[in-house]
Amino acid sequence: MMETFKTNTSDQREIQIKFKQTSHKNVTKIYIIECLTNCILNIDGNTNALHQYDIILLSAFKKVALAAPINNTETIIRTYQEEIDLLMAKPIFIAGNNSLMSDFLKHDNENSTFLIFRNLKYCHGYCQQIALLEQTHSIDRYLHYEVQILVIALLTELLRVRVKSNSASDSHLPRTKNIRYQSRDMKGGAILKYMVTHIQTVNLENISRHFNYQPNYFSKMFVNIFSQTFADKLGETKTEIGKKLLSFTNESINEISKDLGYKSTTSFSRSFKKRTQISPNKYRELFSKNK
């Protein structure tokens, strides 16, 4: 089931996105949001700055809302409420060796649970084809089967590119402090979520203590999960959050520096430029021109 939601320059309030609740045996419901423009989406109190062609998968949530337009620009998203037979999809998840997706699709998730994938223009074709099929007035069992195949193909592509495209720092998985026996993907998601939530104060000592590890052991485990040191990942995460704040807020560079836990704007600017080759002010200027 596909719907399109948009806000225009006259809208001053957010638009609540409603999905129809259905219940059928032996199938799993999955909710997909495709961003056709830059927009801000609120999911159970989590504000997410999104760009055109970002894709969000949701399996558990209470409220989703499209925020009022940014800087008087129109915002458009397309939502899909689909049902997939996990017996059809299971071989793909096994082949992809992706425990994160399997855990994501579990029926017992009660907390807000969603995955964000960034900059997937080529996946627009899958979504467009699903939309075309679902615009057919009479959905018969053959069309329903075709839609399931396309949804599974989309999930397969998301599995293939998950390392490059999944924005783990923005995604939201059920929080847990006991990650010792979790899968690698679940550990990575929980660690990144803690880093983002505590971005002002997080360091190796307090994050190790939070997850009940010794710093030396946690540091080695971190490299095994992310293939980079904690310090490198922290700097990268601060830069990504900084980009969003520069793009979607009117906060000053000084305010953003404080939000990210830097001692001075000079430290923030130096770190930002090291990773992007341009200054924060230049990044904001370029984003404003390209909107």
Side-chain angles (χ1 to χ4, degrees), residues 38-43 45-51 54 67-68 70-73 116 118-119 163-172 175 177 187-291:
N38 294 347
C39 64
I40 292 181
L41 206 63
N42 297 315
I43 307 175
N46 299 282
T47 300
N48 302 278
L50 303 165
H51 295 269
D54 287 353
I70 308 162
N71 298 328
N72 296 319
T73 57
I116 294 178
R118 298 284 186 181
N119 192 28
V163 173
K164 292 183 179 180
S165 298
N166 177 223
S167 181
S169 62
D170 296 318
S171 300
H172 200 278
R175 294 185 184 181
K177 291 179 66 174
K187 284 179 180 177
I191 290 169
L192 270 179
K193 181 54 62 177
Y194 181 88
M195 290 173 68
V196 171
T197 304
H198 301 86
I199 196 67
Q200 281 187 321
T201 58
V202 64
N203 57 43
L204 182 59
E205 286 69 29
N206 60 33
I207 194 172
S208 302
R209 186 167 57 251
H210 175 80
F211 289 110
N212 298 314
Y213 287 100
Q214 293 296 322
N216 286 341
Y217 184 89
F218 183 86
S219 181
K220 294 176 182 177
M221 181 181 71
F222 192 98
V223 172
N224 183 52
I225 293 172
F226 296 103
S227 300
Q228 59 188 133
T229 65
F230 174 80
D232 285 342
K233 189 66 176 178
L234 180 59
E236 177 185 285
T237 303
K238 288 187 175 187
T239 299
E240 291 305 309
I241 296 174
K243 287 179 180 179
K244 298 185 184 82
L245 294 174
L246 290 165
S247 302
F248 295 103
T249 75
N250 294 319
E251 287 190 16
S252 67
I253 304 300
N254 184 52
E255 289 172 324
I256 292 174
S257 301
K258 291 179 180 178
D259 288 343
L260 297 176
Y262 287 99
K263 294 181 179 180
S264 67
T265 55
T266 302
S267 296
F268 169 54
S269 297
R270 186 186 300 118
S271 178
F272 190 91
K273 189 171 184 178
K274 177 182 177 182
R275 289 175 170 80
T276 64
Q277 283 71 58
I278 56 175
S279 69
N281 280 318
K282 187 65 175 178
Y283 182 88
R284 174 170 272 170
E285 179 184 332
L286 290 173
F287 180 83
S288 297
K289 286 181 179 179
N290 293 330
K291 281 188 301 188

Within the side chain of Arg118, is there an N or O that forms a donor-acceptor pair under 3.5 Å with the backbone of Asp54? no

Backbone N/O of Pro215 and side chain of Ser219: donor-acceptor pair under 3.5 Å: no

Mind listing the closest non-hydrogen atom pair of Thr239 and Arg275 along with its distance? OG1-CD, 3.2 Å

First locate atom OH of Tyr283, then atom CD of Gln277, and finally report the distance between them rounded to the nearest 0.5 Å. 13.0 Å

Evaluate whether atom NZ of Lys243 has more than 12 neighbouring non-hydrogen atoms of other residues, nucleotides or ligands under 6.0 angstrom away. yes

Closest non-hydrogen atom pair between Leu234 and Met195, with its separation: CA-CE, 3.7 Å

Check: Ile253 main-chain N/O paired with Ser257 side-chain donor or acceptor under 3.5 Å: yes

Check the surroundings of atom CD in Glu205: do more than 12 heavy atoms from other residues, nucleotides or ligands lie under 6.0 Å from it? yes

Got Ile191 and Met221 here, is their nearest side-chain heavy-atom distance under 4.5 Å? yes

Sidechain N-carboxylate O distance under 4.0 Å for Glu285, Lys282: yes

Where do Val202 and Phe230 come nearest, in terms of heavy atoms and distance? CG2-CZ, 4.1 Å

For Asn206 and Tyr194, work out which heavy atoms get closest and say how close. O-OH, 3.9 Å

Pairing donors with acceptors under 3.5 angstrom, does anything connect the side chains of Thr266 and Arg270? no

Pairwise distance NE2(His210) to OG1(Thr197) - rounded to 0.5 angstrom: 9.0 Å

Taking the side chain as every heavy atom from C-beta outward, state whether Val223 and Gln228 have any pair of such atoms under 4.5 Å apart. no

Value for CG (Asp259) from CD (Gln200), rounded to nearest 0.5 Å, stands at 6.0 Å

With a 4.5 Å cut-off on side-chain heavy atoms, are Ile116 and Leu50 touching? yes

Compare every heavy atom of Ile225 with every heavy atom of Lys187, then report the nearest pair and how far apart it is. CB-CD1, 3.8 Å

Taking the cut-offs as 6.0 angstrom to the six-membered ring centre and 45 degrees off its axis, would you call Lys238 and Tyr262 a cation-pi pair? yes

Backbone N or O of Ser252 within a donor-acceptor pair of the Glu255 side chain at under 3.5 Å? yes

Calculate, to the nearest 0.5 Å, the distance between atoms CD1 and CG belonging to Ile256 and Leu246 respectively. 4.0 Å

Parallel, tilted or perpendicular: ring planes of Tyr213 versus Phe218, cut at 30 and 60 degrees: tilted

Thr229 and Asp232: side chain donor to acceptor below 3.5 Å: yes

To the nearest 0.5 Å, what is the distance between CZ on Phe222 and OG on Ser208? 10.0 Å

Can a side-chain donor-acceptor contact be found between Asn42 and Thr47 if the only test is distance below 3.5 angstrom? yes

How far apart are the closest heavy atoms of Pro280 and Phe268, and which atoms are they? CG-CE2, 3.7 Å

